[in-house]
Structure formats: C-alpha cells, structure tokens
Asker: 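Got a structure for you, questions after.
Reminder, nothing fancy here: chain letters follow the sequence lines and each chain counts from 1.
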Amino acid sequence: MPEFTINGEKRDVDVPSDMPLLWMLRDVLGMTGTKFGCGIAQCGACTVHLDGVAVRSCQLPVGRVGNRAITTIEGIGNTSAGAKIQKAWIDLEVIQCGYCQPGQIMSAAALLAGNPAPDDADIDAAMAGNLCRCGTYVRIREGIKHAARS
Amino acid sequence: MPPAPEAAAGLSRRSILSGGGAFAAGLLIAIELPWAAARAATASAPEPVPTGQRFNAFIHIAPDDRVTFTLPAVEMGQGVYTSQSQCIAEELDVALDKVVAAHAPPDQANYGSPVFVVQATGGSTTTMAWSAPLRRAGATARALLVAAAAARLRVDPASLSTENGVITHGPSGRSLRYGEVADAASRLKPPTEVALKDPGRFRLIGKPVHRIDTPDKAIGKTVYGIDVILPGMKFATLRSSPVLGGKVGNVDQAPALAVPGVKQVIVLDDLVAVVADNTWSAMQGLNALAIDWAPGANAGLDQATLWSDLEKASQGPGAVAKKEGDALAKLKDGTLFEASYELPYLAHAPMEMTNCTVHVQGGACEVWTGTQVPGFAQAGAAKALGITPDKVTINNHLIGGGFGRRLEVDGVIKAVRIAAKVDGPLKVIWSREEDIRQQLYRPLYHERLKARLENGRITAWHHRVTGGSVLAHWLPPAFKDGVDSDAVDGAAEVPYAVGDRLVEFVRHESAVPVAFWRGVGPNGSIFAIECFMDLIARKTGVDPLAFRRGLLEKNARALGVLNLAADKAGWGTPAPSLPSGARRGRGIALMNAFGSYLAAVADVAVSDEGDVNVTRLVIAADVGKVINPDILQAQIQGGAVFGLSAVLFGKITFAGGAVEQGNFNDYRILRIDEMPAIEVHIVPSTENSGGIGEPGTVVTQPAVANAVYAATGVQLTRMPIDRALIAKGA
C-alpha cells in the first residue's frame, strides 16, 4: 500500500495511482480544507505543497507524489511562513467567503518561504493562479506584505 | 472512515430550535416583530402563519454561559455572521468571542425576511432588515437577565449593570453570570418596551471588530456544504442535457460501471448521474459514458437570435413602472438623445460550485447544503419527493460564495431526485463545467434610453428596460402589473433631475432561465443611465462630472459622493498611461440603489489591440449608519472586483441551444495581476443603513465603460467590452 507523508504524518492509503491528490485528501482521508474549484488547474483552490513547492492537487495523480512531503492547509500553520500568512490573513481580515483561501494561503506561504520580501511583481507572479470570486485581492496583496514585515 | 463533523453539528442546530437536547435549560428569547401585521397583509407564503406565532428566536444562553445566536441571514462571505452578532451582542452585553453563531433553519414565521417576506438572504438587505430586530432581541434578553438577577439578589433592577456576560450590583459588589440566571430569566414575561443603547455607548456597533468566521476559515477548518462527510456516504456527479430543456435518449451504463469505485448509474429524464465511492471515480464514470441526448425544442437557439429577439421586444410597448408628466410628448421634438445598452447573460461562478448532500429514507429526507433560501430548499426537496415539508430537514452551512446562485434551489432538487434512487447518504457535486452551463443566469437586458436636453438640463426622460423577469419565478406575487420591480430598480428612481419621465418594463422571456446576480437590476439600469449621461455630456462638449453636478442640485448625498470620488481621483488631471496602453481615459459613475449612494472614478489604459487595463479605481460611498466599517470596506473592494470581471470579461452565450463557456479558462474572472489599485472613501453618515454587498459591483462597471469611452472616443453599447471594437483604427 502506498505511503504518504501528510503534514508530517505517515499515512498508508490504498487508492488508484491516477486519482488526483485532491480527491485522496478530500474523499478518502476526509481532509476537506483543500478545495475543489475547477478541476483543470485554473483556479488554485486545491493548492497544496510538495516539499514546500505549491502544486495544484486537482491535476496531480497520487502516483506522481513519490516520497515528497505533502503539506495542506491543515498543516501549513506549523511552518514559519504559513503561520505568518495565516496571522496576516486574520489581522487584515483578508477572507470573505473563504472557499478559495486555503489555496491562496498555500500559494502565499510558498511565496514567502522562498522570498522573504516579495514586491508587487513577485506577488502577481506567485498569486495569479489563484482566483477569488469575492474579490479579496487588495487584501491578499496587503496580507502578504504584512506577513513579510512580521 | 473519515470523521463526520456535520452529523453532530446538524444535531445541535436542530436541538436549539426544538428547545430540546443539549439546550433544554436556559434562555431562549422570543420577540414579536413589528412588521408582523404588514407581512400578513402582503404575505405570499405558501403556508399562512397562524396568528400569535409570529415570534423570532435568536438567542440562547446556556447555564454554562455559552451564548448561541441563531442568525436569520446566511453567511456567504459578506460578513453578516459578524454584523448580525454585533447587533445582538451590543445590546446583550456579551463579547463576540463568547458567541457561537448558527444559521437559522427553515422557519418562515420566525426568520422570514422583513424585506422579502420569505426567508432569504440577498439584495444587500441584511443590515437594513435585521439590525433593529436583532438589537431589540439583545436588549430584551438583557432586560430579562437583569430582572432575574434583581429578584435573586433582592435589589432594584436599576441598580444593576451588565458587562461581558456578567450582572453586577455596584453598591454591594455582588455579581451573577448570565448563565446562572438564564433559566430563571427565560421563565419571565418579556417586557413590551425595551430601551436600546444610546449610540454613544456602543462598543461593537460601528466598530471594525474582527469577523467571527475568519479564524476557522484561515486554517481550513470551516465546513462548507461541499465538505460534509457522513458515515456510509457515497459520492455522485451529474450531467444534464447540454441543450436547454433536452432529455436523455439512450445511455449504455456499462462503461461507467466498469470504472473502479463506481456503484450505480442513475438515469433520469433530464440528467445522468454516476454514484461512486469517491468523487473522482464518479467523474471518471460519467466521462466514460456516451450519452445520446434528445435535444428538443431549443436545439436551434443561438446568441444572435437571443439578442435580436430582445431588441424586437424592446420596441415596446412596456408596462409603466414610473410616470411623471408627459415625457413622450416632450420627446417628439427639441434636442434629443437616444441610445440602447445591452447586457449579457452572466454566470455567478462562486468558487464553491453547486453541491448538495442528501439522505432519503423512511419517507423523510435530510439535506446538507449551503443555501440563501432554506425554506425554498425544504419546499423544493419535499415537492421532488412528494412528501410534506415537515419531513425535510435542512442543515444549512456557510457558503463558499453566493452572489445569487444559492437563491435558487435547482441543485438541491436535482440532488434529491438522484439521492431518492440511492441507499444511504449521497453527496452530489457538480463539475465546474456543469455549474457554468446548467445554472440560471443574470438576464439578458436591453436598456433603451431617450432624453431631451434644454440649456444643459434634461427636461424629458424615457427609459425602457427589456428582459426576463427573475421575480416572476422567484417570488411570483411580487411581479405585479407587468413590472419586475427588480429589473427597473435604479431606473424607476434616479438621483438626477430629468424632468418629465416615463420608465417602462417589457417582460421578454427566452428559453434561458434567469436568476438574481450580484447587483441585480441596477447592474443593467444604472449601467445604461451612467453611460447615457456620458454620451450626452460628450456629444454636447460638457465635462461628464460637470454635467452630472448640474442635475444633482437637489440631491446632497448623491452630489456628496460624486464630488468626493472626483476629488480623491484628481478629476481634471490626466489619467496615467502605461507602456502597454497609450490611450488613457478616466470615467465616472454614480449610483443610488440598495439605500446607498456610491460614486466611482476609473482610470484605464487601452492598448492598440484594444486590451483594457484598469489602473485605478476610486470609490466614495455614503451608506448611512455602519455596523462594521471594515466589512463595509471589504464589500466595496470585493464588489468592485466582481464588477470588473463582468465589464471586462463576463458573458454567457448560447450556440445550438447550449452554453458555450464551461470553466475559468473561457468564463474569465479577474486575477490579482489584473487588479487596479482600489481606494475606498466613506462619507460619515447618520442616515438609515443602506446595503453594501452589491453597490460596488454596480458602480464599477459604468465607470470603467466611461473611462474606455474617454480613452478611445468609442462608446461600447453591448457588454462586456469588445476589444475588437476599440482596437486602434477599428
């Protein structure tokens, strides 16, 4: 049975290798923080980290995860960048409906982990793949800068 | 087996309202609603409300001091979980971090909206509808708690003060917690009159307090409808006829059943669903099917015909929505201006796509979903199953974006019809493509305007709105005398002095089902009026701001936001250009709808190819008294982005009877790298609270269109912006 490391925990999960990671997380493991938004890697709601790199889990078959560590919204608060982003999101009240925000937070955390002082162009490049229908972009940008300063 | 958090949550929610279970003891406050008589007079409820039961239960205080608010308006991102709680908690004197909030179940008698009569959250009405009753509920509960404490301590109630859930007798220093007297207080007769706090003593209302739903949302803990997991649950996805109104012809189930994990294929007359152990298997199964559809009568439906049929209908006549003087006589001669503006079908496309979990068993049905209309969901499920509504339990959830989509219950009904064929609980999730192609759309609107100009003033005005009526299907009694009051909202009353006026509505239905969409009627009517103002101003060589000011001399609030937006945006200075867009322009727009006044100034840069880059948006707002200024700012910012997506990209079109778009690649939503700077300026006001969920969407669209007009000299009359028409040399 394939073994995965999810938020630091080893999990044996018996799923077909072509199942996207999103559905293993949501339907098999009951980890519903990661969201389904489009199914074609257009919206970023399903963003998780593999070894710290932001990926779209709706398009990533579990067979291609290999031995890379999976981090989801439920675990990102255990990283320095993730905790800073989550605190900034609360401090600045970034969130409205919140459905896209796990993906936004995962992309922002990956950005901040690799770039402690992102400018507007860095934010555009890292975050353009994450849609928000409520239109929280003004505060997402402020939130990333706020987290970088903290 | 995955955890089942919602099973427990649903139980506790039902227990609150039944007054049983974990909440058997404690204070359940009920107040009589002042509009009860008015509601009875205008009632359109399917079931009449018996006299004497028009009470509203919002507050529960347990002996262990837990405070639960049962909130009538549904949280879908707009912040009303928090703003409603602020209203109750302010008067009750409890801290927000002590409060547990829950959505009200279907119960029109107790939670019917003062605005809609039915139990619905929408139309930017929550603050205006519920602030006063929720404050009274909080104040009434506080008075009962104080009375109970006074009896216990044998002191004068007037000698007691309350703070943060504690009642204190100042002279003796004795105190009691709310939980200690909640049970006794709940047995007292509520006072008929209760004093509300003086605004000078507010600690929550008017303050930018933090949202109560944010912490869970930031860590992925919030359970939306789509996240519901029940023991033994199966997963399904569905496909309805691609052609509107089409039926299922032949389908060979074998390819789906061969997919690992697929349990069942369900074929109904209009849809096919695949049931599996997980969503992925269900999707694989559905994709494996070759479904023959019988397309039916709409197979020839295409967008060009939809537009031209609408235009023909707009020739009139229309039903009169407003008539003052004799506009038509005055519009026979003089200096006349005429224009028509056309608005496309739009999909809501909330990030949480349509989904619904259903368990049908033993002649009853339990539903887990997020809905703006719990009563409609209950009634829809009951009707689909041929059972009575009392056999249907609705467990409502926080919604991952509504925008009007969850004012419809088509997703609930389809899920119930499918789940009726399945043993055990079933979660039905629509694909994004299904959600874009199979919903109800913002109506196609044709807005025809005619005006007479004399000495720089408008002396006659004719506005005819043509389109499908949402109200006629959503709340039939509200569609009266041929006028859809929503479709002409923003047109029937205008902030400007326009002389004699006639405003009409022509109902023109196509095969396309229509629904409310963030900004509703004013999205069309105000877009048209504001574009028309710029047309007249520019055709007569008058500055668009100066022209508007001349029509607003008697409207101080409208003039106030217009001037504020213009000042902050530096009206009169050039808009900045970009390397990618040499042609630059600045546009202004005003709106008065939802009880609020907003003005917006947009700066755009337009490339030679016709690409529009919105570089800056300045919005001024006078929304009356504010419950939470930070949520107000967020709603204006977000509403503006929603409007930008619409004006720049938004359209649903039909070919061969089917929607041509399907996902975010061809139904575009603004991305962060396309964002303008957005500034929001609030006018302090003591006027009655207006709505704010939608105005930002409404005012942004004409501001951008007018900026494009300023930049290119071309006024686009059909939305969204068509780059081909504004390419250099076009």
Asker: Between B:Leu644, B:Ile399, B:Val641, who has the most heavy-atom pairs with chain A when the cutoff is under 4.5 Å?
Answerer: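 Ranked by heavy-atom pairs under 4.5 Å with chain A, first place is B:Val641.
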Asker: Under the criterion side-chain contact (heavy atoms from CB on, under 4.5 Å), which of B:Thr214, B:Asp216, B:Thr222 is the partner of A:Ile95?
Answerer: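 Of the listed residues B:Thr214, B:Asp216, B:Thr222, the side-chain contact (heavy atoms from CB on, under 4.5 Å) partner of A:Ile95 is B:Thr214.
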Asker: With a 4.5 angstrom heavy-atom cut-off, is it the side chain or the backbone of B:Asn355 that approaches chain A, or both, or neither?
Answerer: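 Contact with chain A is absent: no heavy atom of B:Asn355 under 4.5 Å.
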Asker: Given side-chain contact (heavy atoms from CB on, under 4.5 Å), test A:Gln96 with B:Lys217 step by step and report yes or no.
Answerer: CA-CA 9 Å; A:Gln96 293 187 26; B:Lys217 286 177 173 177; over 6 Å; no
Asker: May I ask you to name which of B:His348, B:Lys221, B:Gln284 has the most heavy-atom pairs under 4.5 Å with chain A?
Answerer: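 Looking at each option in turn, the highest pair count goes to B:His348.
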Asker: Count the heavy atoms of every other residue, nucleotide or ligand shown that sit under 6.0 Å from CG of A:Asn67, and state whether that count exceeds 12.
Answerer: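 Open: at most 12 neighbouring heavy atoms sit under 6.0 Å from CG of A:Asn67.
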Asker: Examine distances only and state if a side-chain atom of A:Arg133 and a backbone atom of B:Met351 form a donor-acceptor pair shorter than 3.5 Å.
Answerer: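 Here the side-chain-to-backbone pair does not exist.
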Asker: Pick one of side chain, backbone, both or neither for B:Glu434, based on which atoms fall under 4.5 Å of a heavy atom in chain A.
Answerer: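 Neither part.
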Asker: Between B:Pro350, B:Gly696, B:Ala640, B:Ala349, which shows the greatest number of heavy-atom pairs under 4.5 Å with chain A?
Answerer: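 Maximum pair count with chain A is reached by B:Ala349.
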Asker: Where on B:Ile669 is there a heavy atom nearer than 4.5 Å to chain A: the side chain, the backbone, both, or neither?
Answerer: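 Contact with chain A is through both the backbone and side chain of B:Ile669.
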Asker: Is the backbone of A:Val28 close enough, under 3.5 Å, to the side chain of B:Asn278 for a donor and an acceptor to pair up by distance?
Answerer: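 No: the side chain of B:Asn278 does not pair with the backbone of A:Val28.
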Asker: Using heavy-atom distances under 4.5 Å, tell me whether B:Ile436 contacts chain A through its side chain, its backbone, both, or neither.
Answerer: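 Contact with chain A is absent: no heavy atom of B:Ile436 under 4.5 Å.
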Asker: Between A:Gly33, A:Ala125, A:Cys97, which residue shows the highest count of heavy-atom pairs closer than 4.5 Å to chain B?
Answerer: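 It is A:Cys97.
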Asker: Between B:Arg432 and A:Phe36, what is the shortest heavy-atom contact and its length?
Answerer: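 Result for this residue pair: N-CZ, 4.5 Å.
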Asker: About how many Å separate CD of A:Glu93 and CG of B:Asp213, when rounded to the nearest 0.5 Å?
Answerer: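 B:Asp213 atom CG to A:Glu93 atom CD measures 7.5 Å (nearest 0.5 Å).
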Asker: Considering all heavy atoms of both residues, which atom of A:Tyr137 and which atom of B:Arg671 are nearest to each other, and what is their separation?
Answerer: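 Closest heavy-atom pair between A:Tyr137 and B:Arg671: OH-CA, 3.8 Å.
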Asker: Taking C-beta and beyond as the side chain, do B:Ile672 and A:Ile123 meet within less than 4.5 Å on heavy atoms?
Answerer: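 With C-beta onward as the side chain, the pair touches.
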Asker: Could you tell me which of B:Glu433, B:Gln637, B:Arg211 has the largest number of non-hydrogen atom pairs under 4.5 Å with chain A?
Answerer: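 That would be B:Arg211.
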Asker: Below 4.5 Å from any heavy atom of chain B, which atoms of A:Ile90 appear? Answer side chain, backbone, both or neither.
Answerer: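 Both backbone and side chain.
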Asker: Checking heavy atoms, do the side chain of A:Asp18, its backbone, both or neither come under 4.5 Å from chain B?
Answerer: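 Both backbone and side chain of A:Asp18 come within 4.5 Å of chain B.
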Asker: Pick from A:Gly98, A:Cys38, A:Pro102: which one has the most heavy-atom pairs with chain B under 4.5 Å?
Answerer: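 Going by pairs under 4.5 Å, I would pick A:Cys38.
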Asker: Report the option among B:Gly220, B:Gly639, B:Ala218 that has the most heavy-atom pairs separated by less than 4.5 Å from atoms of chain A.
Answerer: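 The residue among B:Gly220, B:Gly639, B:Ala218 with the greatest pair count is B:Ala218.
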Asker: Determine the minimum heavy-atom distance between B:Ile229 and A:Arg26, stating which atoms define it.
Answerer: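 Scanning both residues, the minimum pair turns out to be CD1-O, 3.9 Å.
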Asker: So A:Tyr99 and B:Met353, do their side chains get closer than 4.5 Å, heavy atoms only?
Answerer: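 B:Met353 vs A:Tyr99: side chains touch.
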Asker: When heavy-atom pairs shorter than 4.5 Å are enumerated against chain A, which of B:Phe664, B:Trp280, B:Phe235 gives the highest number?
Answerer: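 Ranked by heavy-atom pairs under 4.5 Å with chain A, first place is B:Trp280.
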Asker: Is there a donor-acceptor pair closer than 3.5 Å between any side-chain N or O of B:Tyr224 and the backbone N or O of A:Lys35?
Answerer: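 Absent.
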